[in-house]
Amino acid sequence: MSDPLGPSGPTGPAGSSGPAGPGMTAATAFAGMRRVSPVVFKAGCPDCRGRFELAASALRLAIGATSRTTFYSFTCPECGSAVRKPAGERVVELLTGGGVRTLRLHSTV
């Protein structure tokens, strides 16, 4: 059985000489693409009053049954304090859309 991708990837239209046509290189194929910037969130520490930007990987989101049990948390990069802040619907949307790891809290009742 032959490899459907061929020796160097998928073949282009019938009669073409390469994966995407004659003379097509990887640099040419990706020339119009832009590099995607990582998502960062602006945050502040209530202890040291520091203001900074955090990557999605530095934040955690906990979604509870009520607004009182829904929050996000992070460690302040300036003073090392554990920070926990309430997260309303819009904040939950932004954090989940930005790739923040989410924990769903279940009620015990």
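Sorted by first then second residue, the side-chain hydrogen bond (donor to acceptor under 3.5 Å, both in side chains) pairs that include residues 53-66, not counting sequence neighbours, are Thr66-Thr69. Judged as a side-chain hydrogen bond (donor to acceptor under 3.5 Å, both in side chains), the pairs with a partner in residues 78-88 (not counting sequence neighbours) are, in order, Asp47-Ser81.
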Can Phe52 and Phe41 be said to form a side-chain contact (heavy atoms from CB on, under 4.5 Å), step by step? CA-CA 8 Å; Phe52 37 80; Phe41 297 93; over 6 Å; no

Checking Phe71 against Val83 for the side-chain contact (heavy atoms from CB on, under 4.5 Å) test, could you report, in this order, the C-alpha distance in whole Å, the side-chain angles of both residues, the deciding distance, and whether it holds? CA-CA 10 Å; Phe71 61 91; Val83 179; over 6 Å; no

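Judged purely by atom type and a 3.5 angstrom limit, Thr70 uses its side chain to pair as donor or acceptor with the backbone of Gly64.
The two residues Cys76 and Cys48 have their closest heavy-atom pair at SG-SG, 3.7 Å. Between Gly80 and Thr75, the shortest heavy-atom contact is O-CG2, 3.6 Å.
Two residues are said to be in side-chain contact when any heavy atoms from C-beta on lie closer than 4.5 Å; Ser67 and Pro86 fail this criterion.
A distance of 14.0 Å separates CD1 in Ile63 from OH in Tyr72, rounded to the nearest 0.5 Å.
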Would you give me the side-chain donor-acceptor pairs under 3.5 Å for residues 88-97, sequence neighbours excluded?
| unit_1 | atom_1 | unit_2 | atom_2 | d |
| --- | --- | --- | --- | --- |
| Arg90 | NH1 | Glu93 | OE1 | 3.2 |
| Thr96 | OG1 | Val92 | O | 2.8 |
| Thr96 | OG1 | Glu93 | O | 3.2 |

